[in-house]
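The structure under discussion appears below in the form of structure tokens.
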Amino acid sequence: MENSNTQNNIIELSGQIASEFTYSHQVYGEAFYSFMLCSKRLSDTYDTLPVTVSERLLIDVEAKSGQFISVTGQLRSYNSYSEGKTHLILTVFAKDIKIINEPANDINNIRLDGFICKPPVYRTTPFNREIADILLAVNRAYKKSDYIPIICWGRNAKYASTLEVGSNISVTGRMQSRIYHKKLSETETIEKTAYEVSVSKIELITNDIDK
């Protein structure tokens, strides 16, 4: 039987390798590398997304900057400590990687099943669009969890605002990158990139234990 924790977090991407492969870390003698993948939206804008891949997957794949590839795996999170603060870092953990010789429309699909771990934040934009932010805890093997920021729009946002902490939900959508400017002082700002899941569908999962 397949572990359910491999089915509650599935991401499929395709696009162009937008950076060189750089050494990331090593686990039990296995080296991992990171790179950026540029995936085109239907609106002709792009999401530039971080990917982590094992050296084992690169043995038979001559991947390099500029090539088109497909990646399937999971969206993972980990904490990075700097300047006395904890920062949530997201990366796509690749479980399969393939070269694409004849690229078509880029793919960016993700499905997550998890639990709301903070009260949803509902608001409207200056253009009166409804929006809601949720932090989703997605279980992983070995009693670990990934914490994924997700964003809902319109009717999905209104519905998300009614959900409580601890609710088990399923979402589908896309992973996106978003550039913002962080204010350091009255005269200085720095450009940063946030990663999140933009939701197209959200459902509450109920356990019908009484049936």
Side-chain angles (χ1 to χ4, degrees), residues 1-19 21-39 41 47-61 63 68-80 86-100 106-118 133-152 167-178 193-203 205:
M1 180 181 295
E2 193 165 10
N3 191 326
S4 62
N5 287 335
T6 66
Q7 298 301 303
N8 62 358
N9 184 340
I10 301 173
I11 186 167
E12 299 175 312
L13 297 173
S14 68
Q16 191 172 21
I17 300 174
S19 71
F21 286 72
T22 59
Y23 176 80
S24 174
H25 63 282
Q26 191 173 82
V27 178
Y28 299 119
E30 182 178 355
F32 291 83
Y33 294 84
S34 60
F35 67 96
M36 302 301 292
L37 176 65
C38 189
S39 185
R41 300 187 190 183
D47 292 297
T48 304
L49 308 172
V51 180
T52 300
V53 58
S54 165
E55 62 181 347
R56 293 186 295 105
L57 297 181
L58 298 175
I59 293 175
D60 298 321
V61 178
F68 288 88
I69 63 167
S70 67
V71 173
T72 57
Q74 295 184 320
L75 183 54
R76 299 278 183 87
S77 74
Y78 64 93
N79 289 322
S80 174
T86 300
H87 304 276
L88 185 69
I89 307 298
L90 298 183
T91 186
V92 176
F93 183 81
K95 293 193 172 185
D96 185 64
I97 181 172
K98 295 178 180 177
I99 300 296
I100 299 176
D106 290 348
I107 297 171
N108 186 337
N109 299 318
I110 187 169
R111 181 175 65 81
L112 301 170
D113 292 347
F115 298 86
I116 297 175
C117 54
K118 286 185 177 181
D133 297 304
I134 294 177
L135 186 63
L136 194 67
V138 180
N139 291 335
R140 204 201 306 171
Y142 307 109
K143 296 183 179 180
K144 294 183 178 182
S145 295
D146 294 296
Y147 295 90
I148 312 297
I150 68 175
I151 186 168
C152 304
S167 296
N168 186 190
I169 62 172
S170 172
V171 301
T172 56
R174 61 180 293 114
M175 183 182 178
Q176 67 181 24
S177 60
R178 174 174 53 85
T193 303
Y195 302 101
E196 59 208 1
V197 172
S198 180
V199 170
S200 59
K201 183 179 181 181
I202 179 171
E203 294 180 309
I205 299 174

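In what follows, residues are counted from 1 in the order of the sequence shown. As the structure is a computational prediction, the values presented were derived from the model and not from experiment.
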>> A side-chain contact here means heavy atoms from C-beta on lying under 4.5 Å apart; do P50 and I89 qualify?
In response: no
>> Rounded to the nearest 0.5 Å, what separates atom OH in Y78 from atom OG1 in T86?
In response: 13.0 Å
> What is the minimum heavy-atom distance between I134 and C152, and which atoms define it?
Replying inline: CD1-SG, 4.5 Å
> I148 and V197: which non-hydrogen atoms are nearest, and at how many Å?
Replying inline: CG2-CG2, 3.8 Å
> So, for S19 and M36, which heavy atoms are closest and what is the spacing to 0.1 Å?
Replying inline: OG-N, 2.8 Å
>> Could you tell me if the side chain of V27 sits less than 4.5 Å from the side chain of S54, heavy atoms only?
In response: no
> Out of curiosity, L75 CG to L13 CG, how far, rounded to the nearest 0.5 Å?
Replying inline: 9.0 Å
> Between S39 (side chain) and S14 (backbone), is there a donor-acceptor pair under 3.5 Å?
Replying inline: yes
> What are the two closest non-hydrogen atoms of L49 and S177, and how far apart are they?
Replying inline: CD2-N, 4.0 Å
>> Are more than 12 heavy atoms, taken from residues, nucleotides or ligands other than N79, located less than 6.0 Å from that residue's CG atom?
In response: yes
>> What's the separation between atom CG in N108 and atom CG in L37, rounded to the nearest 0.5 Å?
In response: 8.5 Å
> Heavy-atom count around Y147 OH within 6.0 Å, excluding the residue itself: above 12?
Replying inline: no
>> Using side-chain heavy atoms (C-beta onward) and a distance below 4.5 Å, is T52 in contact with R76?
In response: no
> Is the backbone of R41 close enough, under 3.5 Å, to the side chain of D47 for a donor and an acceptor to pair up by distance?
Replying inline: no
> Where do I99 and I69 come nearest, in terms of heavy atoms and distance?
Replying inline: CD1-CG2, 3.6 Å
>> Under a 3.5 Å distance rule, please check whether S200 uses its side chain to pair with a backbone N or O of T172 as donor and acceptor.
In response: yes
> Parallel, tilted or perpendicular: which fits the ring planes of F32 and F93, with parallel below 30° and perpendicular above 60°?
Replying inline: tilted
>> Distance check, rounded to the nearest 0.5 Å: I97 atom CD1 versus S70 atom OG?
In response: 8.0 Å
> How close do C38 and T48 get, heavy atom to heavy atom, and via which atoms?
Replying inline: SG-OG1, 4.1 Å
> With Q74, which of N9, L112, I110 fulfils side chain to side chain contact (heavy atoms under 4.5 Å, CB included)?
Replying inline: N9
> Roughly how far, to the nearest 0.5 Å, is the OG1 atom of T72 from the NZ atom of K98?
Replying inline: 7.5 Å
> Looking at CD of E30 and CD of E55, how far apart are the two atoms once the value is rounded to the nearest 0.5 Å?
Replying inline: 6.0 Å
